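Written below as structure tokens is the structure these notes are about.
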There are 2 protein chains.
Amino acid sequence: MARNPSKIKREIPEPAAPDERPPLTRERVLHAALQLADDAGLTALSMRGLGRALGVEAMSLYHHVNGKDAVLDGILDLVVAEIALPAPDDGWREGMRRRAVSARAAFARHPWAMRLMESRKEPGPAAMRYYDAVLGCLRRGGFTVAEAASAFSLTDSYLYGFALQEQSLPFETPDELDDVAEGILAQLPRADFPHLAEMIEHAVTSGYTYAAEFERGLDLVLDGLERVLERRA
Amino acid sequence: MARNPSKIKREIPEPAAPDERPPLTRERVLHAALQLADDAGLTALSMRGLGRALGVEAMSLYHHVNGKDAVLDGILDLVVAEIALPAPDDGWREGMRRRAVSARAAFARHPWAMRLMESRKEPGPAAMRYYDAVLGCLRRGGFTVAEAASAFSLTDSYLYGFALQEQSLPFETPDELDDVAEGILAQLPRADFPHLAEMIEHAVTSGYTYAAEFERGLDLVLDGLERVLERRA
DNA sequence: ACCTGAACACCGTTCAAGT
DNA sequence: ACCTGAACACCGTTCAAGT
């Protein structure tokens with residue numbers, strides 16, 4: 001990391017030094033930004049901080065990227081690119097299920113991405129491919145355009161809403177859940193919030209993991225879509 | 001607004017002046033913050049800007065509110081307080097429906113509130129009442145604790161996900177939709193994104209309004225919950 | 001008790017200047 | 001062509017000082 005101490009001067013131009021800092025590119029900037037967001041959260045992702053991570057002044061970034069908004073759009077599209085699309089020969093139900101499970105996993109790996117979803121309005125190339133693939137899966141499955149619009153809205157609302165809630169839970173492991181729950185229960189006026197207290201207690205005693213709810217809910221959603229098709233037949 | 005020009009000096013202490021700027025209170029600060037967020041968005045809601053709106057230095061706010069986080073927690077709880085809770089004698093389906101429709105409307109009135117949902121972790125008093133009422137509605141309807149947990153997760157995921165998507169659409173009225181859609185279609189490579197193009201075209205020609213999707217999806221979700229109960233009976 | 005001025009350690013971005 | 005120093009107009013927050 002640290003430059004060679006300059007005590008030993010050489011005639012030949014230092015060979016390693018130029019490689020230590022490869023030239024900036026849009027790609028390198030975006031990957032460093034993704035890394036920084038994963039490691040330290042979205043608030044740590046400032047242009048100045050990103051420059052620091054790349055060993056460069058913040059202002060240099062502007063030659064490769066169109067300001068901070070472009071960085072945010074860019075790393076969101078990198079996350080979307082991680083989502084497994086429905087395979088062309090999937091039935092609509094398998095395809096939608098595969099995609100939803102994969103998307104939830106991607107958002108769990110990059111929790112900050114949910115917060116970006118809402119504020120970004122320019123979909124990147126990966127997002128365009130993604131939307132087209134999901135709509136195509138539904139259309140091939142026999143949904144009319146109008147039905148596909150509703151089905152898309154329903155599954156994606158569920159998916160993003162779940163990711164949103166999962167991301168904002170104050171615990172991750174069952175052990176952490178226990179700690180948090182005990183703390184809340186200790187100071188919760190049970191007479192005022194009996195059902196809330198009962199639910200928290202249940203979560204503690206049953207080894208509840210929120211992640212398991214995802215596929216349960218997803219299957220109810222897919223059942224609902226299936227019935228849309230059946231009702232028509 | 002501007003103080004009386006001091007040319008005309010009076011013996012009696014100015015009577016109106018003190019009333020022009022009533023003393024700050026936590027309530028006044030939070031309501032001004034809500035107003036500011038509604039009028040100018042969350043980015044305009046800075047402590048300095050909020051002070052300006054109240055005719056006060058930013059630093060004065062800290063005597064009534066515990067920093068900016070407390071302001072954000074506070075205005076989110078004001079929004080939650082606007083949501084109609086299930087009535088005690090509602091059946092579970094009416095109660096859940098009433099609540100979901102009311103919540104979506106509240107988030108549509110205050111679009112910035114969705115962005116707060118994810119970043120805030122301390123539920124306020126209105127949020128506690130709200131959670132307890134929804135869980136109570138499900139329990140009275142015959143759901144076990146575990147089933148109520150799943151039902152809560154499913155409906156709230158759908159609700160928040162829908163609000164999230166609705167809030168991030170780049171249009172509001174059908175006319176705006178047309179404008180936006182024409183613009184996208186004009187530069188969309190249709191061969192690469194055939195299903196996306198088809199969908200956008202459909203939205204334009206059918207007078208599509210995204211808001212109408214909400215109750216369609218909600219009813220599918222509630223159907224799913226109903227079947228959970230039936231399957232058991 | 002309530003408000004404030006000055007200060008600290010940050011932001012994103014522009015622009016003229018350096019190599 | 002690529003990078004940077006200084007500057008501008010902002011942040012949230014602390015703290016000592018004013019009334």
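Letters A, B, ... mirror the listed sequences (proteins, then strands); counts begin at 1. Predicted model only: the values in this text are computed from it and were never measured.
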- request: Please tell me which of the listed nucleotides, dT14(D), dG5(D), dT13(C), lies nearest to the side chain of E57(A)?
  value: dG5(D)

- prompt: How far does CD of E176(A) sit from CG of L169(A), to the nearest 0.5 angstrom?
  reply: 11.0 Å

Going by atom type alone, with no hydrogens or angles, which donor-acceptor pairs under 3.5 Å involve a side-chain atom of residues 128-137 of chain A and a protein atom two or more places apart or on another chain?
from	atom 1	to	atom 2	distance (Å)
Y130(A)	OH	R99(A)	NH1	2.7
D132(A)	OD1	H195(B)	N	2.9
D132(A)	OD1	L196(B)	N	2.8

message: Under the criterion side chain to side chain contact (heavy atoms under 4.5 Å, CB included), I'd like the reasoning laid out for R26(A) against H63(A): C-alpha separation, chi angles, the key distance, then a yes or no.
response: CA-CA 9 Å; R26(A) 184 186 140 85; H63(A) 291 276; over 6 Å; no

message: Would you call the rings of Y158(B) and F214(B) parallel, tilted or perpendicular, taking 30° and 60° as the class edges?
response: parallel

field: d(CG, L61(A); C1', dA1(D)) in whole Å
entry: 16 Å

query: How are the rings of Y210(A) and F162(A) set to each other: parallel, tilted or perpendicular (split at 30° and 60°)?
result: parallel

- prompt: Is it true that atom CD of E122(A) has more than 12 heavy atoms of other residues, nucleotides or ligands lying nearer than 6.0 Å?
  reply: no

field: Under-3.5 Å donor-acceptor pair between H63(B) side chain and dC2(C) base
entry: no

- request: Supply the atom-to-atom distance M117(A) CE to Y160(A) OH, rounded to the nearest 0.5 angstrom.
  value: 4.0 Å

query: Under 4.0 Å between a side-chain N/O of H64(B) and OP1 or OP2 of dC2(C), yes or no?
result: no

So which protein nitrogen or oxygen atoms get under 3.5 Å of nucleotides 6-11 of chain C's nitrogens or oxygens?
from	atom 1	to	atom 2	distance (Å)
dC11(C)	OP1	S46(A)	OG	3.3
dC11(C)	N4	R48(A)	NH2	3.4

- prompt: Between atom CG in N66(B) and atom C1' in dT14(D), what is the gap in whole Å?
  reply: 13 Å

Intra- and interstrand pairs of DNA chain C - dot-bracket, Watson-Crick/G-U under 3.5 Å, | marks other strand: ||.|||||...|||||.||

field: Value in whole Å for how far the C1' atom of dT14(C) lies from OH of Y62(A)
entry: 9 Å

task: Could you check how far CG of L72(B) sits from C1' of dT13(D), rounded to whole Å?
output: 15 Å

query: Taking 4.0 angstrom as the limit, do R190(B) and E198(B) come out as a salt bridge?
result: no

message: From CG of L50(A) over to C1' of dT4(D), roughly how many Å is that when rounded to an integer?
response: 16 Å

message: So that I can tick it off, tell me whether R97(B) and E215(B) are bridged by a salt bridge, with the cut-off set at under 4.0 angstrom between side-chain N and carboxylate O.
response: yes

message: Nearest to the S60(A) side chain among dT13(D), dC3(D), dG12(C), which nucleotide is it?
response: dC3(D)

